[in-house]
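Here's the structure, in structure tokens; my notes come after.
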Amino acid sequence: LLETTRLVRRATGERNFHGLYMLCAGAAKHKRAALRLRAAKEHFYTLVSSSDKQREAAAPPDAPTRIERRFDALEDALSQLRGVRAVSVWRVVAAILHLGDIRFRGGGDDQSTGAGDQSAIADDADDDEPAAVSAADAPALAAAAELLGLSDDTLRERLTCRFMSAGREELTVPLQRTGALRARDALAKALYAGLFSRLVAELNALLRPDGPANGGQYIGLLDIFGFESLETNSLEQLLINYANEALHHLFLRHVFRGFSDEALASVLGDASRIDNRCCVALIDAPPKGLLHILDHQCRAPQGSETAFCLSATQKHEEDPFFTVPKLSRDCSHDASSAFIVRHFAADVLYTSGGFLESNNDTLVGGSHWLRASTEPLVTELFEEDKAVAGTFSSVGGRFAANLKELMARLRSTQTHFVRCMKSNGGALPHTFDAPYVRSRLRAAGSLTALRFERRLQRGDVVAEAPSSSPQQPPLPPSP
């Protein structure tokens with residue numbers, strides 16, 4: 001369930017993955033120099049936001065020392081892995097940071113847009129001039145190429161050109177600046193996702209070197225990201241909230257299993273209020289689920305965010321979990337640019353800007369050229385990649401497949417739940433906001449579950465099967 005979109009695009013107030021900041025702030029000076037790294041706020045992918053500045057202002061005086069200690073602990077942990085070296089991991093991470101600093105130029109303009117241009121891809125208009133690496137961006141390109149074990153020319157060509165096969169010949173088609181920025185971000189996401197998967201595989205091999213023990217029995221701990229509703233919500237928030245909906249559905253199946261809708265309604269009122277199966281289906285069920293509509297637009301020659309929103313509205317206008325905003329003094333969006341999903345926790349407005357781009361992980365020229373790297377880890381990350389060059393790779397589709405695999409594993413286990421709640425909505429230390437916590441408990445279904453258990457203990461409702469029986473029938477699975 002890796003949020004690859006977070007690496008290259010984040011909502012206001014959101015941060016990138018912790019590892020990038022830790023490398024820039026916690027590694028020894030000579031290690032950062034060898035990787036040509038600067039402070040995190042000087043790299044495009046880790047630009048400092050207003051929330052970062054507030055966090056820095058509230059940090060204790062010994063915060064830098066704490067980060068260094070945490071980084072040393074992380075390096076010690078990486079040193080326990082048998083199939084990968086810490087220095088190789090950090091070379092890939094540093095290469096990703098340098099990739100983000102390559103801004104390109106186009107239209108005859110020799111000026112780099114600079115690392116502060118967060119909306120470069122969305123706002124840059126295509127022109128007839130091919131993309132090129134400016135003199136100001138050459139150091140970033142050189143650093144990324146060196147760390148990836150590639151020549152400068154190879155990396156430059158693969159970021160600024162599209163390669164097409166015509167018979168036995170390979171044609172080179174220059175990309176415009178927008179296309180080059182997308183190629184850069186796709187490469188960064190592919191590198192990070194490959195590295196992440198490799199580290200997970202290494203950890204699993206270390207934890208269970210001889211395969212599943214005790215007949216496959218294990219104790220697993222799942223720590224999932226929380227529900228998100230930000231000032232601007234995009235594909236990343238939709239995927240996070242989709243995962244929360246699926247897990248909430250599992251929670252409801254666990255708490256209310258063995259009871260009919262009539263029995264639940266007699267205690268809780270409308271039973272449909274506590275069954276979110278249809279909300280999960282709204283997002284992932286083929287062929288009308290939001291993620292499937294999005295994939296269709298990504299594949300369409302003239303696909304657009306507007307067409308995605310309008311198609312979603314047409315297909316789900318009668319769905320109780322879906323609605324659209326109306327233009328007003330307080331809302332600048334309508335059905336052509338946004339939609340609302342009525343999640344179990346809250347109604348969330350999703351603005352479609354960037355949805356198609358965030359959902360597309362396609363490497364323009366495939367990944368075969370990365371196998372020529374002189375860095376063994378980079379070669380290994382892509383040695384089993386069978387994707388055909390240019391074939392559409394869906395972020396949402398892959399996320400949904402991973403989530404369904406996870407849910408199948410969870411349904412095969414005996415589950416127990418621990419609800420973790422933020423103590424306040426402002427990420428403030430030592431502050432407990434009782435009304436906020438109460439609203440989160442209510443949205444998570446925890447208060448409903450507690451009320452139901454109390455009524456059950458008083459005998460107000462009787463299960464169709466004993467509540468402790470392993471044979472009790474579960475709620476039917478999501479469509």
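When a residue number appears, it is its place in the shown sequence, counting from 1.
- Contact check for Thr362 versus Ser394: no side-chain heavy atoms found under the 4.5 Å cut-off.
- A donor and an acceptor atom, one from each side chain of Ser151 and Asp153, are nowhere located under 3.5 Å apart.
- Ring geometry for Phe322 against Phe339 counts as parallel: the plane angle stays under 30°, on a 0 to 90° scale with 60° as the upper cut.
- Side chains of His292 and Lys288 form no contact here, defined as non-hydrogen atoms less than 4.5 Å apart.
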Could you walk me through whether Thr232 and Tyr350 pass the side-chain contact (heavy atoms from CB on, under 4.5 Å) check?
CA-CA 7 Å; Thr232 301; Tyr350 296 97; over 6 Å; no
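- In Arg32, the CZ atom is crowded: over 12 heavy atoms of neighbouring residues, nucleotides or ligands sit closer than 6.0 Å.
- Here Asp101 contributes atom CG and Asp137 contributes atom CG; the two are 8.0 Å apart, rounded to the nearest 0.5 Å.
- With hydrogens and angles left out, the side-chain atoms of Arg398 and Ser393 include a donor and acceptor closer than 3.5 Å.
- For the atom pair Ile96 CD1 and His98 NE2, the distance stands at 11.0 Å (nearest 0.5 Å).
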Please evaluate residues Val341 and Asn241 with respect to the criterion side-chain contact (heavy atoms from CB on, under 4.5 Å), reporting the C-alpha separation (whole Å), side-chain torsions for both, the decisive distance (0.1 Å), and the verdict.
CA-CA 10 Å; Val341 175; Asn241 294 339; over 6 Å; no
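- Between the Glu68 side chain and the Gly26 main chain, no donor and acceptor come within less than 3.5 Å of each other.
- Geometric assessment of Arg6 against the ring of Tyr192 yields a negative cation-pi assignment under the 6.0 Å and 45° thresholds.
- No side-chain heavy atom of Val348 sits less than 4.5 Å from a side-chain heavy atom of Gln237.
- For the atom pair CG (Leu238) and CG (Leu291), the distance works out to 6.0 Å, reported to the nearest 0.5 Å.
- Within the 4.5 Å cutoff, no side-chain heavy atoms of Phe163 are placed close to those of Trp369.
- Taking 4.0 Å as the cut-off between side-chain N and carboxylate O, Lys31 and Glu75 count as a salt-bridged pair.
- The distance from atom CG of Asn360 to atom SG of Cys298, rounded to the nearest 0.5 Å, is 5.5 Å.
- Taking the centre of each ring, Trp90 and Phe71 come in below the 6.0 Å mark.
- Relative to the ring axis of Phe104, Arg184 does not place its NZ or CZ within 45° and under 6.0 Å from the centre.
- Inter-residue side-chain proximity for Phe417 and Leu247 is flagged as unmet; no heavy-atom pair is nearer than 4.5 Å.
- Salt-bridge annotation for Glu375 and Arg91: present, with a side-chain N of the basic residue lying under 4.0 Å from a carboxylate O of the acidic one.
- Counting heavy atoms from C-beta on, the side chains of Leu377 and Arg198 come closer than 4.5 Å.
- Contact between Thr379 and Ser373 at its shortest, heavy atoms only, is OG1-O, 3.2 Å.
- Under a cut-off of 6.0 angstrom, the local environment of CD in Glu317 is crowded, with over 12 non-hydrogen atoms contributed by other residues, nucleotides or ligands.
- Using a 4.5 Å cut-off on side-chain heavy atoms (C-beta onward), Thr46 and Leu20 make contact.
- Counting all heavy atoms, side chain and backbone alike, Ser336 lies closest to Leu310 at CA-CD2, 3.9 Å.
- In this structure, Leu2 and Ala193 approach most closely via the heavy-atom pair CD2-CA, 3.7 Å.
- In this model, no donor atom of one side chain and acceptor atom of the other lie less than 3.5 Å apart for Asn16 and Tyr21.
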Candidate pair Glu146 and Arg36, rule side-chain contact (heavy atoms from CB on, under 4.5 Å), full reasoning
CA-CA 10 Å; Glu146 178 189 344; Arg36 305 192 195 181; 2.3 Å; yes
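- With Arg156 contributing its side chain and Val133 its backbone, the two residues share no donor-acceptor pair below 3.5 Å.
- Atom CD1 in Ile283 sits 5.0 Å away from atom NE2 in His343 (nearest 0.5 Å).
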Applying side-chain contact (heavy atoms from CB on, under 4.5 Å), run through Thr351 and Ser337 and close with a yes or a no.
CA-CA 6 Å; Thr351 53; Ser337 62; over 6 Å; no
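- Around the NZ atom of Lys422, the shell of radius 6.0 Å holds no more than 12 heavy atoms that belong to other residues, nucleotides or ligands.
- Looking only at distances, a side-chain donor or acceptor of Asn276 sits under 3.5 Å from a matching main-chain atom of Glu245.
- Ion pairing of Arg9 with Glu357 is present here, as a side-chain N (NZ or NE/NH1/NH2) and a carboxylate O approach within less than 4.0 Å.
- Side chain of Glu305 to main chain of Phe355: a donor-acceptor pair is present (N/O by atom type, distance under 3.5 Å, no hydrogens or angles).
- Rounding to the nearest 0.5 Å places CZ of Phe392 at 5.5 Å from CZ of Arg299.
- Within 6.0 Å of atom CZ in Arg38, more than 12 heavy atoms from other residues, nucleotides or ligands are found, so the atom counts as buried in its surroundings.
- Closest approach of Leu370 and Val378 over heavy atoms only: O-CG1, 4.0 Å.
- Between the Ser197 side chain and the Gly194 main chain, no donor and acceptor come within less than 3.5 Å of each other.
- Closest non-hydrogen pair, Pro174 versus Pro130, comes out as CB-CB, 3.7 Å.
- The minimum heavy-atom distance between Leu147 and Ala94, with the atom names listed, is CD1-CB, 3.7 Å.
- Using a 4.5 Å heavy-atom cutoff, the side chains of His296 and Phe308 are not in contact.
- Panel note: side chain Ser358, backbone Gly354; a donor-acceptor pair is recorded below 3.5 Å.
- Counting only N and O atoms by type, the side chains of Thr431 and Asn424 include no donor and acceptor under 3.5 Å apart.
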